[in-house]
Enquirer: 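Structure provided below as structure tokens; questions to follow.
Every chain is numbered from 1, with letters handed out A, B, ... down the list of sequences. Because the structure is a prediction, the values reported are computed rather than measured.
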Amino acid sequence: MSANTKPSAAGRVDAAPAPSDFIRDIVAADLAAGKHQRIVTRFPPEPNGYLHIGHAKSICLNFGIAREFGGVCNLRMDDTNPTKEEVEYVESIIEDVNWLVGGWADAHLGFKPKGRTPATVSSEGRPDFYQGPVWPPPQSEIRNPQSEVVEPFYASDYFDQLYEYALRLIRKGLAYVCDLSPEDTDKFRGSPDHPGQDSPFRHRTVEENLDLFARMKRGEFPDGRRTLRAKIDMASPNIWMRDPVLYRIRHTEHHHTGATWCIYPMYDFAHCLSDYLEGITHSICTLEFEVHRPLYDWILENLDLPRPLPHQFEFARLSLTYTVMSKRKLLQLVNEQLVTGWDDPRMPTISGFRRRGVPASALRAFAYHIGVTKYNGLTDVAVLEHAVRDELNRIVPRRLAVLRPLKIVITNLPEGHIEDLAAVNNPEDPAAGARAVPFSREVFIERDDFMENPPAKYFRLRPGGEVRLKYAYVIKCDAVVKDAAGNVVELRCTADLDSKTGGATANRKVKGTIHWVSAAHAVDAEVRLYDRLFTAPEPDATGDFKSCLNPHSLEVVTAKLEPSLREARPEQRYQFERLGYFVLDKDSNETTAGQPRLVFNRTITLKDTWAKEAQKR
RNA sequence: UGUCCGAUGGUGUAAUGGUAGCACAGAGGUCUUUGGAGCCUUUAGUCCAGGUUCAAAUCCUGGUCGGACAGCCA
């Protein structure tokens with residue numbers, strides 16, 4: 001791990017007072033009432049896509065609660081639909097969760113002994129079956145889910161137990177095998193304002209149901225031929241109580257259970273029971289599952305399980321301006337190559353943010369600031385951007401880099417003049433020290449930092465004007481050199497040789513200070529300048545989110561960097577002074593013609609009040 | 001003319017019957033060898049109508065507006 005990413009593990013708000021919200025209030029009250037000895041939450045993604053910042057909100061909530069109340073949060077793959085799930089997603093989820101929670105809540109990250117399932121324990125399906133002498137696993141093993149010792153939880157590890165529970169429901173006359181086609185099942189369900197009608201198969205005998213369900217399991221029927229349904233109430237005002245499907249037939253291999261099963265439980269059946277089996281105390285999900293809660297409770301209650309039972313609580317999912325969040329749309333961006341992949345730095349995925357250079361602590365700070373409620377709002381992406389700048393400003397070293405170089409020659413310096421100047425690594429952190437930056441007669445400055453005919457309030461270089469080269473001299477622009485087409489190609493300047501740090505005129509006040517890189521020492525690098533992916537504040541609301549893709553979301557330039565940046569390693573972050581925050585991309589590992597290649601991603605610009613001023617005109 | 005849920009500055013949130021506070025964004029200022037950061041100031045809010053109460057953002061009733069739900073997805 002690099003020196004400059006380490007401090008990012010603990011961010012500013014990680015040490016702030018614990019947040020308070022209606023869910024944490026409930027947890028605290030339950031604890032005070034003695035309902036639970038220990039809080040167990042869970043984060044249950046379906047491995048059918050990469051995790052995005054909406055998941056990050058949920059992760060911070062669930063792991064945050066475990067952390068604040070001394071409990072555990074289980075990472076669980078909600079993998080009950082093999083037709084949509086893949087190991088690639090399982091692996092990315094594990095990596096992303098570890099990254100987000102690492103150094104913050106790792107001691108509360110619930111992995112389980114590898115291979116452990118309800119079938120391998122003999123405690124009658126009691127939720128404590130993971131909590132024997134092997135729990136918790138040694139600290140050193142918790143953080144490495146790839147180890148032989150621990151792994152995340154998988155709903156699919158409960159398939160045997162779930163099947164037993166289904167039999168129990170059948171025997172109680174509370175579930176039946178239904179032969180209705182998918183289309184007819186829909187028709188019989190009715191609509192929100194009209195009751196459904198009973199399936200003609202609703203009154204099969206227990207024996208017949210048991211036989212049919214066993215044959216479903218054995219693979220005697222094709223996909224879609226039959227389902228197992230709960231027998232509740234086809235006239236219920238709640239659609240999800242109208243004899244919901246519990247099991248469906250899918251002759252598909254599963255990424256975790258292989259070819260063992262051809263019937264798979266539905267979410268509603270698997271989820272509440274997975275929670276139960278893991279001893280989850282507070283099952284926290286998003287608002288759209290609110291209408292499912294009666295079913296969640298119905299299943300648990302009708303199985304006559306030993307108490308306590310888990311309870312479901314719902315909060316509002318995250319919506320962000322200038323962002324799409326649905327997995328379907330993100331997948332579409334990936335599949336149609338509108339971005340380079342799930343981890344494209346413009347994606348709102350956790351891996352996208354990581355590659356973009358956003359620290360995990362900034363994502364946590366963001367989650368802290370937006371809070372948790374039941375109100376479906378739209379959060380301004382500026383809140384995220386502020387959290388990112390705030391973290392980065394504190395932890396990241398400064399460097400000098402020029403994105404769009406303009407050469408200047410300092411005519412009163414001798415040919416071959418070279419000197420080392422001391423540059424502060426981080427004004428926010430004196431302990432970060434200083435470094436030497438080479439200075440010479442010819443340097444590059446930013447093209448934007450010179451204007452031949454500047455508007456009012458422009459503080460930078462102009463013909464006949466003065467500006468300070470940061471850490472170096474005050475220079476004066478004597479002459480502008482142009483090519484045949486009239487483009488400015490070079491500036492001839494003179495320096496006030498006494499004006500550098502420690503010199504007689506070091507404290508001279510000049511209006512502007514600009515960054516620079518010595519031409520002879522500059523290192524070339526590809527710099528990818530990212531901007532928001534969408535131009536509309538609510539891409540979803542436009543009806544066609546792809547129509548508002550920002551054509552300028554990526555601009556690539558060849559920049560000139562100070563030579564110390566040659567040592568940068570992937571995921572190392574820097575502030576390029578006056579420009580923004582940048583991170584070395586993994587593509588830097590590639591080599592072109594034997595030459596090491598540096599690729600930086602721009603995480604975010606610095607706040608630019610001049611740009612705002614200029615825009616007013 | 002279904003069920004469930006929600007509504008506090010522009011945005012996101014706090015106030016749990018007792019001074020409507022915080023953050024982001026905006027405006028202005030200060031400082032500055034980053035037009036960064038910091039610091040200071042400032043604009044702006046309880047959906048509506050009744051009721052209960054000494055006192056209501058909070059409790060009650062009725063509206064209004066918004067969201068979720070009719071996958072063998074999660």
Enquirer: Round to the nearest Å and state the distance from A:Phe315 atom CZ to B:rG6 atom P.
Expert: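 One finds 16 Å between P of B:rG6 and CZ of A:Phe315, rounded.
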Enquirer: Between B:rC22 and B:rU8, how far is it from one C1' atom to the other, in whole Å?
Expert: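 Result for the C1' pair: 13 Å, nearest Å.
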Enquirer: For the residue pair A:His256 and A:Tyr154, categorise the inter-ring angle as parallel (less than 30°), tilted (30 to 60°) or perpendicular (more than 60°).
Expert: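 Ring orientation, 0 to 90° scale: parallel.
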Enquirer: Taking everything shown except A:His251 itself, do over 12 heavy atoms lie less than 6.0 Å from its NE2?
Expert: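 Yes.
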Enquirer: Among residues at least two apart in sequence or on other chains, which ones pass ring-ring contact (aromatic ring centres under 6.0 Å, His included) with A:His255?
Expert: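 With neighbours one apart ignored, the set is empty.
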Enquirer: Yes or no on side chain to side chain contact (heavy atoms under 4.5 Å, CB included) for A:Leu320 and A:Phe366, after CA distance, side-chain angles and deciding distance?
Expert: CA-CA 12 Å; A:Leu320 259 191; A:Phe366 172 66; 3.9 Å; yes
Enquirer: Measure the distance from CZ on A:Phe366 to P on B:rU13 and round it to the nearest whole Å.
Expert: 10 Å
Enquirer: Of A:Tyr264, A:Phe213, A:Tyr158, which meets ring-ring contact (aromatic ring centres under 6.0 Å, His included) against A:Tyr163?
Expert: A:Phe213
Enquirer: Filter on side-chain hydrogen bond (donor to acceptor under 3.5 Å, both in side chains), then keep only pairs touching residues 365-374 of chain A, sequence neighbours left out; what's left?
Expert: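 Checked against side-chain hydrogen bond (donor to acceptor under 3.5 Å, both in side chains) - neighbours excluded - the pairs reaching residues 365-374 of chain A are A:Glu290-A:Lys374.
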Enquirer: How many Å lie between CZ on A:Arg317 and P on B:rG12, as a whole number?
Expert: 16 Å
Enquirer: Using the P atom as the point on both nucleotides, what is the distance between B:rU11 and B:rU16, in whole Å?
Expert: 24 Å
Enquirer: Provide the distance between the two P atoms, one in B:rA23 and one in B:rU42, to the nearest whole Å.
Expert: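 Per the computed distance, 13 Å lies between those P atoms.
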Enquirer: To the nearest Å, give me how far apart NZ (A:Lys374) and C1' (B:rG12) are.
Expert: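 To the nearest whole Å, that distance equals 18 Å.
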Enquirer: Could you run down nucleotides 26-38 of chain B 5' to 3' and tag each one B, S or - for protein heavy-atom contact under 4.0 Å?
Expert: SS-----BBBBS-
Enquirer: In terms of base orientation, is B:rG71 syn or anti, with the syn window spanning 90° either side of 0?
Expert: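 B:rG71: syn.
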Enquirer: What integer number of Å spans the C1' atoms of B:rC47 and B:rG67?
Expert: 15 Å
Enquirer: When the P atoms of B:rU41 and B:rG21 are considered, how many whole Å apart are they?
Expert: 15 Å
Enquirer: Expressed in angstrom and rounded to an integer, what is the separation of A:Asp297 atom CG from B:rC4 atom C1'?
Expert: 14 Å
Enquirer: Roughly how many Å is it from CG in A:Leu318 to C1' in B:rU13, rounded to a whole number?
Expert: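 To the nearest whole Å, that distance equals 14 Å.
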Enquirer: In whole Å, what is the span from the CG atom of A:Leu295 to the C1' atom of B:rU3?
Expert: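 Between C1' of B:rU3 and CG of A:Leu295: 15 Å.
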Enquirer: Dot-bracket, 5' to 3', for RNA chain B please: Watson-Crick or G-U pairs under 3.5 Å, [ ] where pairs cross earlier ones, | where the partner sits on another strand, dots elsewhere.
Expert: .((((((..((((....[..)))).(((((.......)))))....(((((..]....))))))))))).....
Enquirer: For the C1' atoms, the ones on B:rG62 and on B:rC69, what distance do you get once it is rounded to whole angstrom?
Expert: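 Pairwise C1' distance, B:rG62 against B:rC69, rounds to 26 Å.
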Enquirer: Taking the side chain of A:Val383 as its heavy atoms from C-beta onward, which of B:rG12, B:rA23, B:rC24 lies nearest to it?
Expert: B:rC24
Enquirer: Would A:Arg404 and A:Asp448 pass as an ion pair if we require N to O under 4.0 Å?
Expert: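 Salt bridge between A:Arg404 and A:Asp448, a charged N being under 4.0 Å from a carboxylate O: no.
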Enquirer: Check the pair A:Arg76 / A:His271 against side chain to side chain contact (heavy atoms under 4.5 Å, CB included), numbers first and verdict last.
Expert: CA-CA 10 Å; A:Arg76 177 168 79 225; A:His271 202 90; 3.5 Å; yes
Enquirer: Which nucleotides of nucleotides 66-74 of chain B have their base under 4.0 Å from a protein heavy atom (B), which only their sugar-phosphate (S), and which neither (-), written as one string 5' to 3'?
Expert: -SSSBSBSB
Enquirer: Could you tell me how far B:rC48 sits from B:rA7 if I compare only their P atoms? Round to whole Å.
Expert: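 Between the two P atoms, the distance is 14 Å.
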Enquirer: Please list, for nucleotides 17-20 of chain B, all pairs of protein and nucleotide N/O atoms separated by less than 3.5 Å.
Expert:
none

Enquirer: Here's a test for you: under side-chain hydrogen bond (donor to acceptor under 3.5 Å, both in side chains), which of A:Asp243, A:Thr227, A:Asn209 qualifies with A:Tyr176?
Expert: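 Single side-chain hydrogen bond (donor to acceptor under 3.5 Å, both in side chains) partner of A:Tyr176 among A:Asp243, A:Thr227, A:Asn209: A:Asp243.
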Enquirer: Between A:Phe600 and A:Phe576, is the ring centroid distance below 6.0 Å?
Expert: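 They qualify: ring centres under 6.0 Å apart.
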Enquirer: Kindly indicate, with the supporting measurements, whether the criterion side chain to side chain contact (heavy atoms under 4.5 Å, CB included) is fulfilled by A:Arg578 and A:Asp449.
Expert: CA-CA 11 Å; A:Arg578 300 212 307 134; A:Asp449 286 338; 2.3 Å; yes
Enquirer: Is the charged tip of A:Arg532 near the ring of A:Tyr322: under 6.0 Å from the six-membered ring centre and within 45° of its axis?
Expert: yes
Enquirer: Has A:Lys500 got its NZ or CZ under 6.0 Å from the middle of the six-membered ring of A:Tyr471, at an angle within 45 degrees of the ring axis?
Expert: no
Enquirer: For atom P, what is the distance between B:rG18 and B:rG26, given to the nearest Å?
Expert: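 Their P atoms lie roughly 35 Å apart.
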Enquirer: Between C1' on B:rU13 and CZ on A:Phe22, what's the gap in Å once rounded to a whole number?
Expert: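 Atom-to-atom, A:Phe22 to B:rU13, this comes out as 13 Å.
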Enquirer: Cationic tip of A:Arg226 within the cone over A:Phe221's six-membered ring, i.e. under 6.0 Å and within 45° of the normal?
Expert: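 Pair A:Arg226/A:Phe221 counts as cation-pi.
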Enquirer: Does this structure show an ion pair linking A:Asp198 with A:Lys231, if we count only N-O contacts that are shorter than 4.0 Å?
Expert: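 Here A:Asp198 does not pair with A:Lys231 in a salt bridge, since their nearest N and O are not under 4.0 Å apart.
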